[in-house]
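What's counted below: heavy atoms across the whole structure, side chains too, no hydrogens, waters or symmetry copies. Counting starts at 1 for both ligands and their atoms, following the listed order.
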Amino acid sequence: MPDSKNILSEEKLGILYLTINRESKLNALNFATLSEIREIFTEVSDNKDIKAVIITGSGDKAFIAGADISEIAEINELNARKFSENGQEIFSMIENCHKPVIAVVNGFALGGGCELAMACHMRIAVSSAKFGQPEVNLGIIPGYGGTQRLTYLIGRGKANELMMTGDMIGADEAKSLGLVNHILPTKEEAISKAEEIIRKIMSKAPLAIGMIVDCVNSVFVQDEDGYQTEANSFARCVKSGDYKEGTSAFLEKRKPIFKGE
Ligand code: COA
């Protein structure tokens with residue numbers, strides 16, 4: 001794993017555990033942390049030993065309380081677009097990762113923190129978690145993909161309400177809106193739930209998992225024909241050894257052993 005000052009990383013049994021580690025600043029995302037996320041996700045794509053990623057925040061209070069406001073206060077008209085595009089690009093790397101990425105939201109997920117959680121493939125919240133896009137309080141809007149992903153995830157009316165008011169919502173409301181997949185009482189239990197889901201996914205054909213990521217994401221790309229992406233991806237799966245293994249194993253009444261080939 002690349003050297004990271006702001007992110008703790010540990011790999012165990014194919015799962016890469018990432019902890020955003022700026023607890024005294026409620027794990028706010030500064031530029032350095034964003035660059036580290038970029039480097040880590042480049043490695044995740046290349047490294048065959050990593051099969052899945054769990055992202056959480058250090059401590060019990062925050063997942064990520066947003067982009068670092070001390071840095072936001074310094075951006076100007078000339079570099080603001082670049083600021084936004086840089087974050088968008090890094091969060092797209094998470095969203096497009098062919099290995100499952102689960103956010104374990106252990107407290108405040110605000111602004112860029114909510115945006116990062118939404119870029120993950122699933123979100124598991126601790127019951128104390130709070131979600132929100134409070135950028136309007138600073139005179140700005142979400143800039144790391146939040147206006148798009150929040151709208152896709154919870155629908156236009158509620159997304160408008162949350163972004164325009166800057167209100168926070170708790171885990172229960174986030175789940176009822178479809179922002180969160182599961183709620184668990186503690187961070188440890190939320191991580192166990194993420195591991196349970198990941199272990200199940202890891203027993204399936206890795207190429208098919210990557211194709212599901214591409215097809216699901218294609219729904220949100222306006223100039224892409226998602227049905228075409230699905231048909232192409234389906235055909236790619238059928239070319240794989242894992243397809244032969246999966247179908248043979250079923251017919252031979254045994255468990256398949258997928259190799260990701
Ligand atoms: N950027 C930079 N620093 C942040 C931060 C952020 N997004 N969120 C929290 N911090 C820092 C605080 O400045 C404080 O640092 P200090 O101890 O050096 O003064 C520390 O984290 C603890 O935060 P504090 O505000 O004292 O905790 P709290 O429990 O009173 O309030 C929040 C928690 C999350 C409600 C509050 O910190 C907050 O509103 N944060 C900003 C959220 C936001 O607007 N995010 C979107 C940014 S685009």
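Environment of CG in Leu13: sparse, with no more than 12 heavy atoms of neighbouring residues, nucleotides or ligands closer than 6.0 Å.
Nearest protein neighbour of atom 38 (C) of ligand 1, counting heavy atoms only, is Leu110 CD1, 4.8 Å. Looking only at heavy atoms of the protein, atom 1 (N) of ligand 1 is closest to Ile69 N, 2.9 Å.
Residue-to-ligand polar distances keep Glu135 apart from ligand 1: every N/O pair is separated by 3.5 Å or more. Distances between N or O atoms of Ala67 and those of ligand 1 include at least one value under 3.5 Å.
A donor atom on one side chain and an acceptor atom on the other are not found under 3.5 Å apart for Thr19 and Asn21. Using modelled atom types and a 3.5 Å distance limit, the side chains of Thr229 and Asn232 yield no donor-acceptor pair.
Contacts with ligand 1 closer than 4.0 Å are made by no heavy atom of Ala62, backbone or side chain. With a heavy-atom cut-off of 4.0 Å, Ala28 touches ligand 1 through its side chain alone. When heavy-atom distances to ligand 1 are checked against a 4.0 Å cut-off, Asn137 has no atom that comes that close, whether in backbone or side chain.
We find that Arg254 and Glu245 are joined by a salt bridge, their nearest charged nitrogen and carboxylate oxygen being less than 4.0 Å apart.
Within the 4.0 Å cut-off (strictly below), a protein heavy atom is located near atom 23 (O) of ligand 1. Within the 4.0 angstrom cut-off, atom 6 (C) of ligand 1 has one or more protein heavy-atom neighbours. Put simply, atom 36 (C) of ligand 1 has no protein non-hydrogen atoms near it, under 4.0 Å away.
The closest non-hydrogen atom to atom 16 (P) of ligand 1, taken over Glu71, Glu115, Lys25, comes from Lys25.
For Glu173, the side chain to side chain donor-acceptor pair (under 3.5 Å) partners are Lys158, not counting sequence neighbours. With sequence neighbours excluded, the residues satisfying side chain to side chain donor-acceptor pair (under 3.5 Å) with Glu43 are Asn47.
In this structure, Lys61 counts as a contact residue of ligand 1, since one of its heavy atoms falls inside 4.0 Å of the ligand. Contact annotation: Ser24 has at least one heavy atom less than 4.0 Å from an atom of ligand 1.
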